[in-house]
K.L.:
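Quick one: this structure, given as structure tokens, is what I'll be asking you about.
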Amino acid sequence: MKKNIIMGTAGHIDHGKSSLIKALTGKDPDRLVQEKQKGITIELGYAGLELETALVSFIDVPGHEKLVKTMISGSVGFDSALFCIDGREGIMPQTREHFSIIDTIGVKYAVAAVTMTDKCTEEEIERTEAAVRELFEGGGVALTAVVRTSIHDPQSIEALKQAVSDCAVRVMPKTQNRCYVMRVDRVFNIKGHGTVVTGTSLFGKIAVENIVYNLRTGGKARVKGIQVHERFAEKSVAGQRTALNLPDFSAEDIKRGDIISENSKITDTNGIYAVIKAFGGCPDSGLIRHNKTYPVILGSETYEGRVIFYDEKVLEESHETICFIKLDKPATAFFNEPFVIRSSSPQRSVAGGRVLGLEQTYPDRKASREIIEHMSRYDYDAAIRSIMKIYACGFNMNEPIQFSGLFRNELAEKLAQLNIVNYYGFLMDAGMIDSFVKGSLDRLKERGTLAINTLKLDCTLPEQVRHDIVNRIIESGQKLGYIFDGHMLKLNFKDPFQDDAMMVLAAMKQEAGLSNPVLIAGKTGMSEEKVQKCLLYLCNRSLARRVDKNVYLTMELINNFTEKAEAEAAKNGGVDINRMKECFDLPRKLLIPLMEQLDKSGLFINRGNTRILKNR
């Protein structure tokens with residue numbers, strides 16, 4: 001299977017980006033009437049090219065200075081870039097700005113096309129080639145080729161195709177070991193098919209009939225069709241330009257910038273921790289200052305972000321630092337996702353950065369500095385150790401795709417190595433849990449009893465976490481020979497009510513109608529007070545259950561009733577009280593609470609007093 005790569009155009013306005021894409025692919029990326037009328041790219045354009053080495057999806061971006069926001073939003077997901085430089089004009093302002101943006105978003109490889117060479121002198125071409133190589137020196141983008149091109153020279157276009165093919169060989173395909181994520185850039189309706197969204201598949205993979213969510217609205221839809229490179233496909237993977245047919249959504253349910261994902265737990269945030277680097281060549285007025293607000297372009301959305309440094313008052317050009325950015329509206333961000341900061345006046349890109357964490361993940365901003373520094377270097381061991389030190393009472397981790405660059409299984413292995421317990425996304429140091437369990441068992445050994453409701457952890461924990469820790473204490477105590485009566489652990493001595501309770505249980509099993517203390521007392525000759533204590537003993541040991549105010553049934557009867565109801569419902573599609581009366585010769589005053597026990601079992605759904613199995 002060929003790899004899929006996204007190659008975005010970059011360069012100054014009128015340097016021939018769209019014309020070159022049309023010459024390469026045969027498709028004009030400028031689809032709007034006003035684009036054709038004005039002769040400039042206004043919106044993002046798309047075209048595909050199949051080569052021996054890869055399937056290349058071109059994203060053509062505007063070069064006009066007033067449309068840089070559109071260029072940045074289109075650059076999401078770029079694997080490589082095709083820089084277009086007019087051989088006569090050479091490097092221009094938007095060429096440099098686009099280069100800084102491409103460098104910021106993490107593009108590793110680029111092909112430079114010196115365009116319109118049929119109108120250039122040799123001297124002009126050589127001067128432009130030298131300027132292009134100088135631009136790329138010292139940056140993070142590797143220039144794989146500089147190609148002289150003219151749309152009127154087929155040989156030059158073939159040479160450019162080869163250069164694109166060679167570049168594609170170097171590009172590492174995006175990982176599919178994550179949940180599927182797409183940022184929507186177009187929404188439209190096709191008669192007979194319904195809503196279609198297009199975008200770049202950023203992470204993971206998706207297949208026809210899979211369920212996806214719109215993270216902004218929470219709505220879900222089934223994928224009824226997929227197109228990749230304008231061809232129908234059974235699945236789409238990270239790195240592909242993709243169209244998804246989602247008829248469960250109306251065109252009004254989705255808007256540009258929405259995120260479509262199979263993971264509904266991905267969350268948004270009002271602030272991000274980040275590492276940012278100021279672009280070179282910024283005038284003093286364009287430098288980023290502490291506690292000032294700037295336009296921040298993240299994904300395809302623009303936010304007003306207040307930049308808060310830890311130390312710096314001003315970020316000097318070409319310098320890098322970590323910071324916190326408070327956003328004016330919720331944003332969905334992923335770990336290591338790039339963004340660009342603009343200046344308002346004059347409007348230009350002044351810095352780029354990477355997301356390192358979400359505000360709600362690290363609520364103690366000052367204390368979390370150490371964690372963010374480790375995250376900026378991808379030192380996850382040190383970061384997780386710092387998290388456990390700073391958030392000693394436990395840590396609510398967001399989804400792995402937002403928390404770190406580790407895959408879910410890698411993160412699980414890392415936590416295990418560091419002796420960290422993961423309770424459904426809540427992290428705790430296993431040593432702290434062990435210490436609390438040991439301390440509780442020591443008190444049990446010393447006193448002979450341990451009341452579970454008196455256990456006080458030093459931290460406030462989610463109920464599920466506390467429940468699991470308490471169960472661990474109970475199980476450990478039972479292994480040491482203590483018994484648990486439903487309220488406390490205690491020494492395993494014979495309960496004074498044990499013999500009497502067993503007599504009560506035997507009577508209830510023999511005669512199901514013995515369901516309240518008065519009837520049981522009359523049958524056994526015990527006092528009602530003693531019967532009440534025996535029933536409590538049986539309930540604490542899960543041998544009986546109180547099913548109504550003063551009605552007790554044996555667990556044996558409840559379990560038999562449930563098993564029979566399950567079998568009858570599977571056979572007949574449902575079961576009601578009349579059918580169960582045929583199976584169990586019991587009065588309605590017992591059948592009604594038994595039917596209610598079916599509802600509590602989690603196996604049935606009650607529809608009009610008929611119980612239907614949930615899995616039906």
Side-chain angles (χ1 to χ4, degrees), residues 76-77 174-184 197 199-207 209-223 235-238 242 244 246 248-249 253-255 257-274 298-301 327 329-337 354-363 368 371 375 380 383-384 387 391 394-416 420-428 461-468:
V76 174
K174 286 185 172 69
T175 179
Q176 298 177 26
N177 296 333
R178 291 192 183 281
C179 58
Y180 182 78
V181 173
M182 170 207 272
R183 284 195 187 272
V184 175
V197 301
T200 300
S201 297
L202 299 178
F203 308 109
K205 55 188 173 183
I206 199 73
E209 294 300 319
N210 285 175
I211 297 295
V212 294
Y213 298 84
N214 181 343
L215 298 186
R216 178 178 60 85
T217 66
K220 69 177 182 179
R222 189 177 301 276
V223 179
K235 68 177 181 178
S236 169
V237 301
T242 303
L244 301 179
L246 306 175
D248 295 338
F249 289 144
D253 291 334
I254 311 177
K255 65 179 184 179
D258 282 353
I259 295 176
I260 300 297
S261 177
E262 62 181 342
N263 184 352
S264 62
K265 295 181 181 179
I266 292 172
T267 186
D268 56 22
T269 185
N270 287 312
I272 56 173
Y273 293 91
L298 175 66
S300 54
E301 289 287 314
L327 303 173
K329 58 185 178 182
T332 303
F334 304 97
F335 181 83
N336 216 33
E337 185 172 15
R354 294 184 287 115
V355 176
L356 299 178
L358 310 186
E359 178 180 29
Q360 64 268 33
T361 309
Y362 309 107
S368 300
I371 301 168
M375 285 292 195
Y380 300 121
I384 293 171
I387 287 170
Y391 299 95
F395 174 76
N396 269 311
M397 179 183 69
N398 43 276
E399 284 299 289
I401 197 171
Q402 296 182 290
F403 173 67
S404 74
L406 296 171
F407 304 139
R408 191 178 291 273
N409 61 334
E410 292 175 332
L411 180 59
E413 290 177 8
K414 184 73 66 181
L415 294 175
I420 307 298
V421 179
N422 184 357
Y423 285 105
Y424 322 102
F426 187 83
L427 307 185
M428 285 192 72
L461 301 176
E463 183 56 36
Q464 184 63 57
V465 178
R466 187 183 185 283
H467 178 75
D468 284 359

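All residue numbers refer to positions in the sequence shown, counting from 1.
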K.L.:
Step by step, would you call Thr361 with Tyr273 a side-chain hydrogen bond (donor to acceptor under 3.5 Å, both in side chains)?
P.N.:
CA-CA 10 Å; Thr361 309; Tyr273 293 91; over 6 Å; no
K.L.:
Check whether any side-chain heavy atom of Phe407 lies under 4.5 Å from a side-chain heavy atom of Pro400, and answer yes or no.
P.N.:
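Not touching, per the 4.5 Å side-chain cut-off.
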K.L.:
Measure the shortest side-chain to side-chain distance between Arg216 and Ile259 over non-hydrogen atoms and say whether it is less than 4.5 angstrom.
P.N.:
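SC-SC contact between Arg216 and Ile259 ruled out.
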K.L.:
Quick check for you: to the nearest 0.5 Å, what is the distance between Cys179 atom SG and Lys205 atom NZ?
P.N.:
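Answer rounded to 0.5 Å: 13.0 Å.
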K.L.:
Mark yes or no for whether Glu337, through its side chain, and Arg354, through its backbone, hold a donor-acceptor pair below 3.5 Å.
P.N.:
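Such a contact is absent between Glu337 side chain and Arg354 backbone.
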K.L.:
Report the distance from atom CG of Leu358 to atom OG1 of Thr269, rounding to the nearest 0.5 Å.
P.N.:
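Reported to 0.5 Å precision, the distance equals 5.0 Å.
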K.L.:
Going through the distances and angles, do Glu413 and Asn409 end up as a side-chain hydrogen bond (donor to acceptor under 3.5 Å, both in side chains)?
P.N.:
CA-CA 6 Å; Glu413 290 177 8; Asn409 61 334; 4.9 Å; no
K.L.:
Let me confirm one number: the CE-CD distance from Met182 to Glu262, rounded to the nearest 0.5 Å.
P.N.:
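Answer rounded to 0.5 Å: 12.5 Å.
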K.L.:
For Met375 and Ser404, which heavy atoms make the closest approach, and how far apart are they?
P.N.:
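Taking every non-hydrogen atom into account, CE-CB, 4.4 Å.
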K.L.:
Testing the basics here: between Asp268 and Gln360, what is the closest heavy-atom pair and its distance to 0.1 Å?
P.N.:
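Heavy-atom minimum between the residues: O-NE2, 2.8 Å.
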K.L.:
Can you name the closest pair of heavy atoms from Tyr362 and Gly357 and give their distance?
P.N.:
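Shortest heavy-atom contact: CE1-CA, 4.0 Å.
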K.L.:
Is Arg178 close to Leu202 at the side-chain level, that is, under 4.5 Å between some pair of heavy atoms?
P.N.:
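Sidechains of Arg178 and Leu202: no contact.
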K.L.:
I need the Leu298 CG to Ile272 CD1 distance, nearest 0.5 Å.
P.N.:
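Rounded to the nearest 0.5 Å, the CG-CD1 separation comes out at 6.0 Å.
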K.L.:
Determine whether Val181 and Ile401 make a side-chain contact, defined as any pair of heavy atoms from C-beta on separated by less than 4.5 Å.
P.N.:
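They are in contact (side-chain heavy atoms under 4.5 Å apart), so the answer is yes.
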K.L.:
Report the residues that fulfil side chain to side chain donor-acceptor pair (under 3.5 Å) with Glu399, sequence neighbours left out, ordered by chain and then residue number.
P.N.:
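Result, side chain to side chain donor-acceptor pair (under 3.5 Å) vs Glu399: Asn263, Arg408.
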K.L.:
Might you point out which heavy atoms bring Ala331 and Leu327 nearest each other, and give the distance in Å?
P.N.:
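Heavy atoms of Ala331 and Leu327 come nearest at CB-CD1, 3.7 Å.
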K.L.:
Between Ile206 and Lys235, does a side-chain contact (heavy atoms from CB on, under 4.5 Å) hold up when you go through it step by step?
P.N.:
CA-CA 5 Å; Ile206 199 73; Lys235 68 177 181 178; 6.0 Å; no
K.L.:
Apply side-chain contact (heavy atoms from CB on, under 4.5 Å) to Tyr424 and Gln464, showing your working.
P.N.:
CA-CA 9 Å; Tyr424 322 102; Gln464 184 63 57; 3.2 Å; yes
K.L.:
Look at Glu301 together with Lys255 and state whether they make a salt bridge at an N to O cut-off of under 4.0 Å.
P.N.:
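No.
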K.L.:
Using a 3.5 Å distance criterion without hydrogens, assess whether the side chain of Arg222 forms a donor-acceptor pair with backbone atoms of Glu209.
P.N.:
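At least one qualifying donor-acceptor pair exists.
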K.L.:
Looking at every heavy atom in both Val465 and Met428, which two are closest together, and how far apart are they?
P.N.:
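Nearest heavy atoms, Val465 then Met428: CG1-SD, 3.8 Å.
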K.L.:
Begin from the C-alpha positions of Asn214 and Ile260 and carry the test side-chain contact (heavy atoms from CB on, under 4.5 Å) through to its verdict.
P.N.:
CA-CA 5 Å; Asn214 181 343; Ile260 300 297; 4.2 Å; yes
K.L.:
With side chains defined as the heavy atoms from C-beta onward, is the minimum distance between Phe395 and Ile384 less than 4.5 Å?
P.N.:
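No, too far: nothing below the 4.5 Å cut-off.
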K.L.:
Taking C-beta and beyond as the side chain, do Ile266 and Thr332 meet within less than 4.5 Å on heavy atoms?
P.N.:
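Answer yes - side chains close enough.
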K.L.:
As a quick check of understanding, evaluate side-chain hydrogen bond (donor to acceptor under 3.5 Å, both in side chains) for Asn398 and Thr267, giving each step before the final call.
P.N.:
CA-CA 8 Å; Asn398 43 276; Thr267 186; over 6 Å; no
K.L.:
Given side-chain contact (heavy atoms from CB on, under 4.5 Å), test Thr242 with Tyr180 step by step and report yes or no.
P.N.:
CA-CA 12 Å; Thr242 303; Tyr180 182 78; 4.3 Å; yes
K.L.:
Shortest non-hydrogen contact from Phe334 to Val355?
P.N.:
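Heavy-atom minimum between the residues: O-CB, 3.5 Å.
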K.L.:
How many angstroms lie between atom OG1 of Thr217 and atom CG of Asp258, to the nearest 0.5 angstrom?
P.N.:
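Output value for this atom pair is 7.0 Å.
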K.L.:
Within this structure, what is the CG-NZ distance for the pair Asn422 and Lys414, rounded to the nearest 0.5 Å?
P.N.:
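Spacing of CG (Asn422) from NZ (Lys414) equals 15.0 Å.
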